[in-house]
Structures are given as structure tokens and as C-alpha cells.
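Structure record follows, encoded as C-alpha cells.
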Protein chains: 2
Amino acid sequence: MKIIVADLEGVFLPEIWINVALKTGIEELKLTTRQISDYDVLMTKRLSILKENKLNIEDIREVISTLEPLDGARQILDWIRAKSQIIILSDTFEEFVKPLMAKLGFPTLFCHNLTIDKNGAINGYNLRIDNQKTRAVKALKSLNYQVMAFGDSYNDIGMIQEAHQGFFFCPPSCVVAEFPDIPVTQNYDELKVRIGAFLEC
Amino acid sequence: MKIIVADLEGVFLPEIWINVALKTGIEELKLTTRQISDYDVLMTKRLSILKENKLNIEDIREVISTLEPLDGARQILDWIRAKSQIIILSDTFEEFVKPLMAKLGFPTLFCHNLTIDKNGAINGYNLRIDNQKTRAVKALKSLNYQVMAFGDSYNDIGMIQEAHQGFFFCPPSCVVAEFPDIPVTQNYDELKVRIGAFLEC
């Protein structure tokens, strides 16, 4: 039997931190896993920037609540869910992403969470487990699933390589250059073709 | 982080085989895992009954397409999905259950599939893996999830016992008598209380 796993930001949702940067005017928050591949370095930097700028969870939620899924994201997810099973594997945090998951029809999401104090200050982040995306693919394989995986960033490489079929979706050119053997899909129409072929074979 | 796994038939959907029995008038198809705990014995019997009565996949689908989820099932699932993550672990078959999953808003489902020939005859069933429910809970624990599990039947015992918190939902009295140490929940209101407590602790 088949199952699909996919990244969230850059695939179905806009990059949350880039949008927070745009709305707050804090240029440094634009960095993502596309530029800094070490997630701990990236997140520690983001949280210290929030603290310096006295931004708490409510400020961030306010920004996030104004965002919408990418054009066609809900439709392609509904299409996939009517044909197969999909689990979203994201290094985002449940406290940030919930309003956007509602807009996507609540597909199942494996992610992480934040430590927030009673004043709403974000004091830390809790990775549920290291390499959660790769491990999730391994776990699904152990349950006798044939797994297809796609994403756009450095933190998707592991799951893409671990899956039976894996490819990039709209990756930045630096990632493609570094992993030339991984196929690239550029839009939802191409994605439908790939998924259709995977489910039929 | 927390995740919930749950059985499908008897929890969110009516028992599919019982309804097929009622609509076709074939009394023997009323047997479920509630009465026969060995799933292979049960399924082999069901398929041979279908063959004897010349019922193919389209006949079964016709019956299933007339069924509705249990009263309040969609609402409780939506409530759970807005608060946490849920994966349905069912020993049903994807070919049967798809129209009913649509009526539930397509929560993620781990199940099995059938071997169907070009004339629509159901020639066999393929268990994706033995003890899939218990193994799925183990896999989720290996991904550092705290797992809550509930179901109504013999084939749910393993996952209920493997999970950090497990209980019966509307079980038949024979199952309760055999496993007196497993807590029992009788309706969706009680289920909400249990899930609320699990997510808050």
C-alpha cells in the first residue's frame, strides 16, 4: 500500500518566517532552512531576534492569521486525500501553524512545539525528535507502506532519500545544484502526474 | 507531543459487514471481530460467503454508499483535529471505505486492501502487516509521541495496551468482561472529556 509524505512551507503554505519578517520589517527573520541548513542554529537565532524585538506569541499569531495557503494548495491536498493518504512532515511549531492547517482542511501534521511562558514570551522550542522527517518515513516503511516524499529544502533531503520515491517541489536553485540527482517538480499539475503514476504502479 | 489513534467501525462508522448482512439478507455476514477474534478466520469466511452468493465489489460498494457515519462522528473528529492529530487505525479495506472517509472529512487512515479481478470479484484480502494497530502505536512512540488509543473490539486490545493511554469506546459486554482493567467510554461527550484531559496533562 502507498502513502505520501510532504513538507508544508514552500509546498502548501508560504514561508511563515519570511512573512513575519515582511510584516514586522525585521530583515533577519527572512532566513530559512533554504539558507541555513542547521535548524538549531536557525531557530536559536530566530527566537533571540524575537526577544530583542519584544515580539511574543500573540504578535506572531497575528501575522500568521493574515496568511493564506498557496494558490491551489487546498485543492491539491483534497485531490490527494481522496485518492490516498498523506501526512505532512514539517519542522514548524503547532502553536504557529494551527490557523493555517484549518485552511488546508486539517491534513495530519507531524511537527514540533514551543515553550511559551504565561506572558506569551517564546522561551524555547522543542524538537519532538531529531531528523523527524527521515524517521517518519522509516517508521511508515516499517508498517509496510510504499512511501513517496517531496519538499523544497535542506531539511527534506533525508526523507526524500529515505522514501521509495522522492523529489523536490519548487526548490531554490542552490538546493538543486547541491543535489542534482533528486528529480524536481515545479507546480501542482506536475505533482498530480507524479502522484498519479506512483499510485497506479 | 500528543497524538491520538482510533478504531473506525463502531467508533465513527457503523459496522460495515453488519450493514452488508442486513441489506443482502445474508445472516452469516453479521459476524465481526466482536464475535470472532481471529481476523484471518473471519475474513476468509466473509469472502467465501460473498463468492457463494455471487456478490462482487460493486454490490458491496452499492450497500456501503448508502451508509452514513454515526451521529456526531464528523463533529467529534473535527473537534479532535482542531486540537490535535488523529490517525484512524482500521482493519477495513480501502476499496470499501473510501466513500465513508469522504463523509468524515478524510482523516488519515491506515488500513488494508483487497485483491479484485477485472470482473469485480473479490479474490482475496491483503493485510498490509500483521498487528498493524499495535505496530502503528509503537512506530508513533518511536517518533516521540505520547499516544492515546481507543476502539471497541478484540483487534483494538493491542493498540490500547501499547498506548500511553488506552480505553474502550462503546465495547460489547463480552469484550469488557474479558478485559476488565481497560477503562470504558460510552459516548462522544465522555470521549471529549478524556481527550481534553490527555491533551492538557
Side-chain angles (χ1 to χ4, degrees), chain A residues 1-6 74 77-95 97-115 125-147 159 199, chain B residues 1-6 74 77-95 97-115 125-147 159 199:
Chain A
M1 286 182 73
K2 314 281 176 71
I3 197 163
I4 295 162
V5 298
R74 174 65 190 258
L77 270 172
D78 286 350
W79 181 86
I80 294 168
R81 292 163 78 191
K83 288 188 175 294
S84 184
Q85 303 299 321
I86 184 166
I87 294 177
I88 307 289
L89 304 178
S90 172
D91 285 330
T92 189
F93 303 94
E94 58 178 2
E95 291 83 355
V97 86
K98 204 160 276 180
L100 286 168
M101 295 311 287
K103 293 179 183 179
L104 291 176
F106 287 119
T108 297
L109 169 69
F110 290 2
C111 68
H112 309 293
N113 65 3
L114 298 170
T115 302
Y125 70 97
N126 314 301
L127 291 189
R128 197 184 70 252
I129 195 168
D130 284 344
N131 298 315
Q132 72 121 343
K133 297 188 184 207
T134 308
R135 285 177 196 250
V137 173
K138 281 183 201 279
L140 291 167
K141 286 165 78 177
S142 80
L143 298 174
N144 201 22
Y145 275 108
Q146 294 279 312
V147 184
M159 74 170 183
L199 295 178
Chain B
M1 285 183 73
K2 314 280 176 72
I3 197 164
I4 296 163
V5 298
R74 174 66 191 259
L77 269 172
D78 287 349
W79 180 86
I80 293 168
R81 292 163 78 190
K83 287 187 176 295
S84 184
Q85 304 299 322
I86 183 165
I87 295 177
I88 307 289
L89 303 179
S90 172
D91 285 330
T92 190
F93 302 95
E94 58 178 3
E95 291 83 354
V97 85
K98 203 160 278 180
L100 285 168
M101 294 310 287
K103 293 179 184 179
L104 291 176
F106 287 119
T108 297
L109 169 69
F110 289 3
C111 68
H112 309 294
N113 66 2
L114 298 170
T115 302
Y125 70 97
N126 314 301
L127 292 189
R128 198 184 70 250
I129 196 168
D130 284 345
N131 298 317
Q132 73 122 345
K133 297 187 183 207
T134 308
R135 284 176 196 251
V137 173
K138 281 183 202 277
L140 290 167
K141 286 164 79 176
S142 81
L143 297 174
N144 202 22
Y145 275 108
Q146 295 279 313
V147 185
M159 73 169 183
L199 295 178

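Naming convention: chains lettered A, B, ... in sequence-line order (proteins, then strands); numbering from 1 in each chain. None of the values given here were measured: they were computed from a predicted structure.
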Ranked by heavy-atom pairs below 4.5 Å to chain B, first place among A:A139, A:S142, A:A82 goes to A:A82

Scored by heavy-atom pairs under 4.5 Å with chain A, the best of B:I129, B:D78, B:I87 is B:I129

Tightest non-hydrogen contact, residues B:I86 and A:T108, listed as O-OG1, 3.6 Å

The interface call for A:L140 against chain B, heavy-atom contacts under 4.5 Å, is side chain

Output for pair (A:M101 CE, B:R81 CZ), nearest 0.5 Å, gives 9.5 Å

Bottom line for A:A102: the part with an atom under 4.5 Å from chain B's heavy atoms is neither

Whatever's closer than 4.5 Å to a heavy atom in chain A on B:I3 counts as side chain

Bottom line for A:K138: the part with an atom under 4.5 Å from chain B's heavy atoms is neither

Shortest non-hydrogen pair, A:M1 vs B:E94, comes out as CE-OE1, 3.5 Å

Closest non-hydrogen atoms of B:L143 and A:F110, given as atom of the first, atom of the second and distance, are CD1-CE2, 4.0 Å

Has A:K98 got more than 12 heavy atoms of other residues, nucleotides or ligands less than 6.0 Å from its NZ? yes

Report task. Might you confirm whether atom NZ of B:K83 has over 12 heavy atoms from other residues, nucleotides or ligands at distances under 6.0 Å? Result -> no

